[in-house]
Amino acid sequence: MNIKTELETKLSTASGIYLNNIEIDPPTIKAIMINEVVPSDPIQDFYGAADADYLKTTIPLFQMAGAKVTSIQDILQKGIYITNAVKTPKSEYTIDKGSIENSLPYLEAELSLFPNVKVIMLMGDVAKKAFNMITKKASKKNAVPAVSTYKLRNSEIYYEGIRIMPSYIMTGGNILIEKSKVTMAAEDIATMLEIIR
């Protein structure tokens, strides 16, 4: 299944919305990692160029977690799909609520494509906020408590039988500044890999 084609069939595509143009067999996916926002250049996204900016930080995190991966295909073969919560590039330093809301129908439809998911990792506060907006619409409450990520990391949070793991952002230049968050994100990825093994 082509993710982009499938989502465009389900929803009309608004201008500026970036969707993952990739072929995937949905039942093989056991974990979904939700990053914060698409890059301004689609070539730099997870399924863009082999040396895309987003992979320059993501692949080392997987390697720190003990996974033998060198490409996005290696990650997919482990049953892990990566996407972005916000499907439009950010125009300012922060991501406004309107950008998250405009992308929610796409993220929600995208998550529904994968029937065998055991873990959803929320990589950063924007991903956490977007996921809570989806769950609140369905169940009238947030799946993830509004508490700092470091306090939630060792909690076992479930939503509809799926383990929800809040973690830290995995892309962008800032990730290299905060070494402790890099270490914690890698530890969280290692936990996810253990769950889906």
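Computed from a prediction, not measured in an experiment: that's the story for all the values here. The basis for the numbers below is simple: all heavy atoms, side chains too, and nothing from hydrogens, waters or symmetry mates. Here, residue 1 is the first one in the sequence, and each next residue gets the next number.
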Give me the atom names and distance for the closest heavy-atom approach of Asn84 to Leu107. O-CD1, 4.2 Å

Would you tabulate the side-chain donor-acceptor contacts of residues 47-56 under 3.5 Å, counting partners in other chains and residues two or more places apart, or write 'none'?
{"from": "Tyr47", "atom 1": "OH", "to": "Ile82", "atom 2": "N", "distance (Å)": "3.0"}
{"from": "Tyr47", "atom 1": "OH", "to": "Ile82", "atom 2": "O", "distance (Å)": "2.8"}
{"from": "Asp53", "atom 1": "OD1", "to": "Lys56", "atom 2": "NZ", "distance (Å)": "3.4"}
{"from": "Tyr54", "atom 1": "OH", "to": "Val37", "atom 2": "O", "distance (Å)": "2.5"}

Side chain to side chain contact (heavy atoms under 4.5 Å, CB included) partners of Gln77, counting only residues at least two apart: Asp74

Applying side chain to side chain contact (heavy atoms under 4.5 Å, CB included), name anything that partners Glu156, two or more places apart in sequence or on another chain. Tyr158, Arg163

Shortest non-hydrogen contact from Tyr18 toward Pro39: CE2-O, 3.4 Å

What closest approach, in Å, do Leu152 and Pro145 show between heavy atoms, and which atom pair accounts for it? CD1-O, 3.6 Å

Let me check something: any side-chain donor-acceptor pairs from residues 188-197 under 3.5 Å, sequence neighbours excluded? List them with distances.
{"from": "Asp188", "atom 1": "OD1", "to": "Arg153", "atom 2": "NE", "distance (Å)": "3.0"}
{"from": "Asp188", "atom 1": "OD1", "to": "Arg153", "atom 2": "NH2", "distance (Å)": "3.0"}
{"from": "Asp188", "atom 1": "OD2", "to": "Arg153", "atom 2": "NE", "distance (Å)": "3.2"}
{"from": "Asp188", "atom 1": "OD2", "to": "Ser167", "atom 2": "OG", "distance (Å)": "2.6"}
{"from": "Thr191", "atom 1": "OG1", "to": "Glu187", "atom 2": "O", "distance (Å)": "3.1"}
{"from": "Glu194", "atom 1": "OE1", "to": "Arg197", "atom 2": "NH1", "distance (Å)": "3.1"}
{"from": "Glu194", "atom 1": "OE2", "to": "Arg197", "atom 2": "NH1", "distance (Å)": "3.4"}

Measure the NZ-OG1 distance between Lys181 and Thr183 for me, rounded to the nearest 0.5 Å. 12.5 Å

Test of understanding: with salt bridge (charged side-chain N to carboxylate O under 4.0 Å, His left out), list the residues that count as partners of Lys137, not counting sequence neighbours. Glu108

Interatomic distance, NZ@Lys128 vs CG@Asn142, rounded to 0.5 Å, equals 10.0 Å

Walk me through it: do Met33 and Ile80 pass the test side chain to side chain contact (heavy atoms under 4.5 Å, CB included)? CA-CA 7 Å; Met33 296 175 78; Ile80 301 157; 3.8 Å; yes

Could you pull out all residues at least two apart from Lys97 that satisfy side chain to side chain contact (heavy atoms under 4.5 Å, CB included)? Glu101, Met133

Mind checking side-chain hydrogen bond (donor to acceptor under 3.5 Å, both in side chains) for Asp41 and listing every partner two or more places apart, or none if nothing turns up? none

Between Asp96 and Ser99, is a side-chain hydrogen bond (donor to acceptor under 3.5 Å, both in side chains) present by the stated rule, with each step listed? CA-CA 6 Å; Asp96 63 276; Ser99 295; 3.1 Å; yes

Set of residues satisfying side-chain hydrogen bond (donor to acceptor under 3.5 Å, both in side chains) with respect to Thr28, sequence neighbours excluded: none

Heavy-atom closest pair (Ile29 atom, Ala31 atom, distance to 0.1 Å) is CG2-O, 3.4 Å

Single-linkage hydrophobic cluster Ile34~Leu61, side-chain heavy atoms < 4.5 angstrom: yes

Separation of Thr135 OG1 from Ile164 CD1 (nearest 0.5 Å): 8.5 Å

Would you mind listing every salt bridge (Lys or Arg N to Asp or Glu O under 4.0 Å) that reaches into residues 8-31, with sequence neighbours excluded? Lys4-Glu8

Determine all donor-acceptor pairs shorter than 3.5 Å in which one atom belongs to a side chain in residues 109-122; sequence neighbours excluded.
{"from": "Glu110", "atom 1": "OE1", "to": "Thr83", "atom 2": "OG1", "distance (Å)": "3.0"}
{"from": "Glu110", "atom 1": "OE1", "to": "Lys87", "atom 2": "NZ", "distance (Å)": "2.5"}
{"from": "Glu110", "atom 1": "OE2", "to": "Tyr81", "atom 2": "OH", "distance (Å)": "2.5"}
{"from": "Glu110", "atom 1": "OE2", "to": "Thr83", "atom 2": "OG1", "distance (Å)": "2.7"}
{"from": "Ser112", "atom 1": "OG", "to": "Ala109", "atom 2": "O", "distance (Å)": "2.6"}
{"from": "Asn116", "atom 1": "ND2", "to": "Pro27", "atom 2": "O", "distance (Å)": "2.9"}

According to side chain to side chain contact (heavy atoms under 4.5 Å, CB included), who are the partners of Ser40, at least two apart in sequence or on a separate chain? Pro89

Contacts of Tyr159 that satisfy ring pair (Phe, Tyr, Trp, His ring centres under 6.0 Å) - sequence neighbours left out: Phe131

